[in-house]
Novice: 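Pasting a structure below so you can have a look.
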Protein chains: 2
Amino acid sequence: MFELDVRSRVPIYEQLVEKIKELIIKGLLKEHEQLPSVRALSNDLTINPNTIQKAYRELENQGYIYSIPGKGSFVAPLKDKDINKEKIEKILEEIKKLMLEGFHLGMNREDIIKVLEDVVKIKEGK
Amino acid sequence: MFELDVRSRVPIYEQLVEKIKELIIKGLLKEHEQLPSVRALSNDLTINPNTIQKAYRELENQGYIYSIPGKGSFVAPLKDKDINKEKIEKILEEIKKLMLEGFHLGMNREDIIKVLEDVVKIKEGK
DNA sequence: TAACTGTATTATTTTATTTAGTACAGTTAT
DNA sequence: ATAACTGTACTAAATAAAATAATACAGTTA
């Protein structure tokens, strides 16, 4: 299900959070779909269950999943845009920073437009 | 000169790298301009000189500054676009990931365009 | 010469991450 | 109801990363 780099400088639980977020965002995991259990994923990746749980806790905090004790962990339904306003602002800030860095290195306006259209297409394809 | 959060989860030296990159990218530090010495900045921020040096080494590795033993550290001149091609690709990848996340949260195409035009203006203003 | 520069090294402390082992309570299917 | 699942919590230990401390050396500059 995932490929993790155990000797990366970025913590395993963070890598997990990123990977799962990606699957949810790309629609490969749909609303209310069940995620692998903590123990199952722990076995599958040969990573300590505590590390998996830490990732799941983080995903729950960020609103990407919800967990029901005894039942399992599931993909959370999308929230209203207004509720995500702050998060969107932060993301736009990050994008701005990356754009500035990119332009400094010689990136073009068109490079961004291309990526944007690319993303819009992916989004429409769902 | 800087504001660092010593109790942030992100390492001090990384924060330093980001801050200085930002100053260079925004043009507040110009080519061949001298940076504060390792010891001066260490004193100023009350942070260990080794930590400062680690940040400077990282900035040098990334091509943002160059250092001359005995003289000081200076803002590196811009490199050719071709040389930065790989870096630009990575930045575009990151931007794409952020765009996907943003759209998932309800961000609009126009939000991006606005930021893009904003950045283009800043770039032209130099 | 004195006071600066960057750089290097070793040791120590502190903090973050990961693993290990165990436990408890709710759920599900046999 | 029993067995096998679920999430969650906790403590302890091991490992890795980050930061500090204390020196030292060689080049630069006034």
Novice: Any link between B:I113 and B:L98 through a network of hydrophobic side chains (Ile, Leu, Val, Met, Phe, Trp, Tyr) touching at under 4.5 Å?
Specialist: yes
Novice: Are A:V6 and A:I52 connected, step by step, through hydrophobic side chains (Ile, Leu, Val, Met, Phe, Trp, Tyr) whose heavy atoms are closer than 4.5 Å?
Specialist: yes
Novice: Take atom NZ of A:K71 and atom C1' of D:dG7, then tell me their distance rounded to the nearest Å.
Specialist: 13 Å
Novice: Nearest nucleotide by nearest heavy atom, which residue falls closer to the 5' end of DNA chain D, A:S37 or B:P49?
Specialist: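 By nearest-heavy-atom nucleotide position, the 5'-most residue is A:S37.
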Novice: Using a 3.5 Å distance criterion without hydrogens, assess whether the side chain of A:Q53 forms a donor-acceptor pair with backbone atoms of A:V38.
Specialist: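 Answer holds: no.
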Novice: Does anyone know the first and last nucleotide of DNA chain C in reach of chain B, 5' to 3', at under 4.0 angstrom to a heavy atom?
Specialist: C:dT5 to C:dT9
Novice: Over how many whole Å does the gap from B:I52 atom CD1 to D:dA18 atom P extend?
Specialist: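 To the nearest whole Å, that distance equals 16 Å.
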Novice: Using a cut-off of under 3.5 Å, enumerate the N/O to N/O pairs linking the protein to nucleotides 8-17 of chain D.
Specialist:
residue: D:dT8; atom: O4; partner: A:R39; partner atom: NH2; Å: 3.3
residue: D:dC10; atom: N4; partner: A:N50; partner atom: OD1; Å: 3.4

Novice: Would you list the pairs meeting side chain to side chain donor-acceptor pair (under 3.5 Å) in which at least one residue belongs to residues 70-90 of chain B, sequence neighbours left out?
Specialist: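 Checked against side chain to side chain donor-acceptor pair (under 3.5 Å) - neighbours excluded - the pairs reaching residues 70-90 of chain B are B:S67-B:S73.
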Novice: Please give the angle, rounded to 10 degrees, between the axes at the start and the end of the helix from C:dT1-D:dA30 to C:dT30-D:dA1, where five pairs define each axis.
Specialist: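 The two end axes of the helix from C:dT1-D:dA30 to C:dT30-D:dA1 meet at 30°.
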Novice: Applying a strict under-4.5 Å side-chain criterion to I, L, V, M, F, W and Y, I'd like to know whether A:Y13 and A:I65 cluster together.
Specialist: no
Novice: Relative to the ring of A:H104, is the ring of B:Y64 parallel (under 30°), tilted (30 to 60°) or perpendicular (over 60°)?
Specialist: parallel
Novice: Using atom types as modelled, flag every donor-acceptor pair under 3.5 Å from a side chain in residues 39-51 of chain A to any protein atom, sequence neighbours excluded.
Specialist:
residue: A:S42; atom: OG; partner: A:I47; partner atom: O; Å: 2.6
residue: A:N48; atom: OD1; partner: A:N50; partner atom: N; Å: 2.9
residue: A:N48; atom: OD1; partner: A:N50; partner atom: ND2; Å: 3.3

Novice: Side chains of residues 114-124 of chain A: which donor-acceptor partners sit under 3.5 Å, not counting sequence neighbours?
Specialist:
residue: A:E117; atom: OE2; partner: B:R109; partner atom: NH2; Å: 2.4
residue: A:D118; atom: OD2; partner: B:K96; partner atom: NZ; Å: 3.1

Novice: When you measure from the side chain of B:E101 to the backbone N and O of A:I25, does any donor-acceptor pair fall under 3.5 Å?
Specialist: no
Novice: Could you check whether any side-chain N or O of A:Q15 sits under 3.5 Å from a backbone N or O of A:D5, counting only pairs where one atom can act as donor and the other as acceptor?
Specialist: yes
